[in-house]
Amino acid sequence: MENNPLNHVRVIDFSTLLPGPYASMLLVNMGADVVKVESPTRPDLIKSLPPIINGQSAADQQLNRGKRSIALDLKSEGGLNAARRLAAHADVVLEQFRPGVMDRLGLGFGALKQLNKSLVYCSISGYGQTGPWSQRAGHDINYVSISGAASYSGREGQGPQPSGMQWADLAGGSHHAVMGILAALFAARETGEGRHVDISMTDAMFALNGLAGAAALATGCDPAPESEMLNGGSFYDHYQCACGGYLALGGLEPQFVETLAIKLDDSDLLGLKALHDGKTQGQLKSRLRERFASKSRDHWLRTFGDADVCVTPVLTINQAANHEQLVAREMVILANGETPAQLGDPIKFVGSRKSASRDPAPRLGQHTRELLNDIGFAEREISEMAKTGVVHCSE
């Protein structure tokens with residue numbers, strides 16, 4: 001991709017499922033050449049996640065667009081040798097196994113650094129490479145729960161609620177991995193020395209507590225659901241309208257409150273300024289619920305128009321995809337080939353002609369022969385490796 005900052009950066013991605021592949025998708029969008037190392041016999045489970053469109057999972061098409069696939073049997077010495085040679089020619093290695101697995105394969109940071117001094121090596125795991133829980137299994141819900149974030153989310157008296165989005169996987173794992181990789185790449189270009197980036201999704205979720213975390217550690221008092229300004233303890237909340245749709249109301253600042261009161265023709269709402277008075281906030285929220293429930297969402301959106309009141313509709317994903325702002329920002333793209341519409345790239349580089357990759361996700365082993373040729377394997381060797389199952393080629 002022309003004019004993108006990671007052109008000429010090669011990433012060898014051993015990860016599967018969501019956190020690692022999403023991270024390497026972001027790197028592809030920024031111009032990196034991502035080589036996805038896959039097993040010839042144990043497919044990435046994301047490939048079987050419904051819906052299946054044109055014989056391929058929609059999630060796989062999204063997460064792995066623009067990447068190249070090489071299928072290697074890492075249980076064989078030939079497959080491991082090929083993986084080592086790939087790493088020797090790479091800038092970044094990304095992996096998502098439990099701590100110790102890559103070391104046992106001879107593909108850990110220590111081993112690969114001997115082949116490539118400037119290699120940036122990123123490990124994403126649930127609990128990190130060290131600590132008493134480092135070998136435990138887990139999923140997104142576990143990392144969110146142990147971080148404290150679930151304890152003050154949801155409604156009072158109902159307990160923690162599962163989220164529709166994988167916060168720990170994506171905000172915790174993927175995004176922190178990309179930040180760490182980019183920082184380590186910068187250092188490697190300056191010093192010639194690679195780094196091992198250790199990303200714990202639990203660590204990241206704990207750090208993402210942000211404002212509530214700062215207050216809790218400073219006072220020793222933990223937040224509870226609907227007790228804080230930003231978790232339902234103030235009028236900052238969702239409100240159902242007569243049509244069944246919802247509005248999101250922010251606008252904590254006095255000027256937004258004043259405009260809200262004017263638009264609703266309700267001067268009593270100026271009392272919303274008492275943000276830390278729980279009783280007052282409860283009364284005002286009840287008043288707002290009644291007002292919003294009296295008319296349709298479209299009515300209220302027309303009432304507010306372009307006024308600065310921080311009121312937005314709660315949309316479904318397909319509704320959001322057709323929202324004028326997201327359309328203008330090209331947040332839905334059509335990849336090349338017979339693939340469905342996909343989520344676009346939120347990182348824009350002004351002046352760059354392209355953002356998210358439009359190339360479709362590869363078939364298993366689609367680039368095996370091409371990549372092995374790149375790192376010095378002869379055609380005869382590749383044919384023999386394919387014959388014995390060490391690699392899989394799908395031209």
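Since we're looking at a predicted model, the values are computed, not measured.
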Tell me, which pairs form a salt bridge (Lys or Arg N to Asp or Glu O under 4.0 Å) where one or both residues lie in residues 101-116, sequence neighbours left out?
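Output for this query lists K113-E193.
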Apply side chain to side chain contact (heavy atoms under 4.5 Å, CB included) to A87 and list each qualifying residue two or more places apart in sequence or on a separate chain.
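For A87, the residues satisfying side chain to side chain contact (heavy atoms under 4.5 Å, CB included) (neighbours in sequence not counted) are V93, L112.
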With E228, which residues qualify under side chain to side chain contact (heavy atoms under 4.5 Å, CB included), at least two apart?
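Residues passing side chain to side chain contact (heavy atoms under 4.5 Å, CB included) with E228: P223, N231.
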Smallest separation among heavy atoms of [X] and [Y], with atom names:
X: N318; Y: N322; result: O-ND2, 2.9 Å
X: A242; Y: S294; result: CB-C, 4.1 Å
X: F256; Y: V309; result: O-CG1, 4.3 Å

I'd like to check the salt bridge (charged side-chain N to carboxylate O under 4.0 Å, His left out) partners of [X]; sequence neighbours left out, ordered by chain and number.
X: R84; value: E77
X: R155; value: E226, D237
X: D91; value: R189
X: R297; value: none

For the residue pair F292 and Y239, categorise the inter-ring angle as parallel (less than 30°), tilted (30 to 60°) or perpendicular (more than 60°).
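Because their plane-to-plane angle lies in the 30° to 60° range, the rings of F292 and Y239 count as tilted.
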For S163, what residues pass the side-chain hydrogen bond (donor to acceptor under 3.5 Å, both in side chains) criterion, not counting sequence neighbours?
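Expected list: W167.
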Any side-chain donor-acceptor pair under 3.5 Å between E95 and S123?
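Yes, because at least one side-chain N or O of E95 sits under 3.5 Å from a partner of the opposite role on S123.
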Pairs involving [range], ordered by first then second residue, that meet side chain to side chain donor-acceptor pair (under 3.5 Å) (sequence neighbours left out):
range: residues 199-211; result: Y152-N209, S200-D203
range: residues 10-25; result: R10-D33, D13-S15, D13-S24, S24-K67
range: residues 213-224; result: none

Shared-cluster residues of V314, by chain and number - hydrophobic side chains joined below 4.5 Å
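Its cluster mates, by chain and number, are Y246.
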Within this structure, what is the CD-OG distance for the pair Q56 and S48, rounded to the nearest 0.5 Å?
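One gets 12.5 Å once the value is rounded to the nearest 0.5 Å.
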Nearest 0.5 Å, please: how far is CE in M179 from CG in L182?
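Result: 9.5 Å between the selected atoms.
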